[in-house]
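Just below is one structure, and these are the notes that go with it.
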Amino acid sequence: MPRFHCSIPLTAGASLALPAGAARHVQVLRMQPGDALTLFDGAGGEYAATVERMGRSDVSVMVGAHLPVEREAPRAVHLAVGMPANERMDWLVEKATELGVASIQPLATAHGVLRLSGERAEKKRAHWEAIAVAACEQCGRNRVPVIHPVRSFSGASGWIDAQSADAEAVRLILSLAEGTRRIADIAPDNARGVLVLSGPEGGLSGTEEQEAIARGFAPVTLGSRVLRAETAALAALVSLAGL
């Protein structure tokens, strides 16, 4: 059954006009009055719904029963990532959403190729948020991960502290340093949440890595192979999300 995210808070028994994006998707699928669909607003669970009316540019639906369905990972994994260039960041956001990431903090780092600021950075954040919404519609998640505004590495300290406090998160940094312990050996199974810091294509600089360690991040490795930036972040997520 088609699933659509609705940015309007949903209530069982309500009749409402779908937001423009969802309405456009319903029209592309050529759905008709009486057709069933599933809606979710990100607040938890999902709603059965039925198409009531198809306009030229609008769609009205009747919201049915709330279904308390959750498909979240057993623990929250927050990902702070040095942004890889071009479509690789898009791909990372999509796959991390499918794998259950709780939030993503895009970082501008010393070795990163992608440079964003101001209006361009906000447009990219909105673009990544739309990718996360589409991934939730496809994979069945009813809670959309938060995509935070782009921050510099040094400017992310407040976000790091907030995520760690909210989730009592263990702090881990992916590192290629000699003697680094494997990720499976250092993240306890009973941790309510994990905050993972991962670098861009060129990795984090030595200064950035030392700054992170000073802030309580434990260096961990994914093994002997050197992975691409987007692959490493997703591999860490798979290891930690309890999939």
Side-chain angles (χ1 to χ4, degrees), residues 3 5 40-46 66-84 89 91-107 125 128-129 131-149 151 153 156-175 180-199 204 209 212-223 227 229-243:
R3 302 180 74 252
H5 177 256
F40 64 101
D41 59 9
E46 58 192 26
H66 177 260
L67 307 172
V69 178
E70 294 295 352
R71 303 180 181 93
E72 296 303 294
R75 60 180 171 183
V77 180
H78 304 275
L79 180 62
V81 58
M83 297 176 291
M89 185 63 181
W91 187 83
L92 190 158
V93 170
E94 179 183 73
K95 301 311 174 189
T97 299
E98 292 177 21
L99 292 170
V101 74
S103 70
I104 299 175
Q105 172 58 70
L107 295 176
R125 189 206 63 79
W128 293 327
E129 188 174 69
I131 289 175
V133 166
C136 284
E137 290 176 339
Q138 181 274 321
C139 75
R141 286 187 70 177
N142 289 321
R143 296 181 185 271
V144 181
V146 178
I147 311 297
H148 292 280
R151 290 181 170 92
F153 183 86
S157 58
W159 176 84
I160 289 169
D161 291 342
Q163 297 304 322
S164 298
D166 289 346
E168 298 180 2
V170 175
R171 302 183 184 190
L172 305 177
I173 177 174
L174 302 185
S175 173
T180 301
R181 296 170 63 186
R182 293 181 65 88
I183 194 169
D185 298 333
I186 201 167
D189 290 338
N190 61 351
R192 284 177 50 193
V194 183
L195 179 54
V196 179
L197 175 56
S198 180
L204 296 172
E209 186 162 337
I213 291 172
R215 294 191 64 82
F217 281 82
V220 294
T221 179
L222 294 166
L227 305 179
E230 65 275 20
T231 307
L234 295 176
L237 182 57
V238 169
S239 297
L240 295 166
L243 299 175

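These numbers come from a predicted model, not from an experiment. All values below come from the heavy atoms of this structure, side chains included, with hydrogens, waters and symmetry mates left out.
Counting only residues at least two apart or in different chains, salt bridge (charged side-chain N to carboxylate O under 4.0 Å, His left out) contacts with residues 138-149 comprise Glu70-Arg143, Glu72-Arg141.
Once rounded to the nearest 0.5 Å, the distance linking CZ of Arg151 with CD of Gln105 reads 4.5 Å. Here the CZ atom belonging to Phe153 is positioned 5.5 Å from the CG atom belonging to Leu204, to the nearest 0.5 angstrom. A distance of 8.0 Å separates CG in Leu195 from CG in Leu172, rounded to the nearest 0.5 Å.
For Gly45 against Phe40, the heavy-atom pair with the smallest separation is O-CB, 3.7 Å. The minimum heavy-atom distance linking Val144 with Ala132 is given by the pair CG1-CB, 4.2 Å.
Every residue meeting the salt bridge (charged side-chain N to carboxylate O under 4.0 Å, His left out) condition with Glu46, not counting sequence neighbours, appears here in chain and number order: Arg3, Arg71. Take Ala233 and apply the side chain to side chain contact (heavy atoms under 4.5 Å, CB included) test, not counting sequence neighbours, and it matches Leu79, Leu92, Ser198. In this structure Glu94 satisfies the side chain to side chain donor-acceptor pair (under 3.5 Å) test with no other residue, sequence neighbours excluded. Applying the side chain to side chain contact (heavy atoms under 4.5 Å, CB included) test to His66 and every residue at least two apart in sequence or in another chain returns Tyr47, Pro68. In terms of the side chain to side chain donor-acceptor pair (under 3.5 Å) criterion, Thr97 has no residue partners (sequence neighbours excluded).
The backbone N or O of Val93 sits nowhere less than 3.5 Å from a side-chain atom of Glu98 that would complete a donor-acceptor pair. A donor-acceptor pair under 3.5 Å is absent between the side-chain atoms of Asp41 and the main chain of His5, judged by distance alone.
Here the options are Val101, Val77, Ile173, the test is side chain to side chain contact (heavy atoms under 4.5 Å, CB included), and the partner is Val196; only Val77 passes. Results of the side chain to side chain contact (heavy atoms under 4.5 Å, CB included) test with Val220 over Ile183, Leu240, Leu197 single out Ile183 as the only residue that passes.
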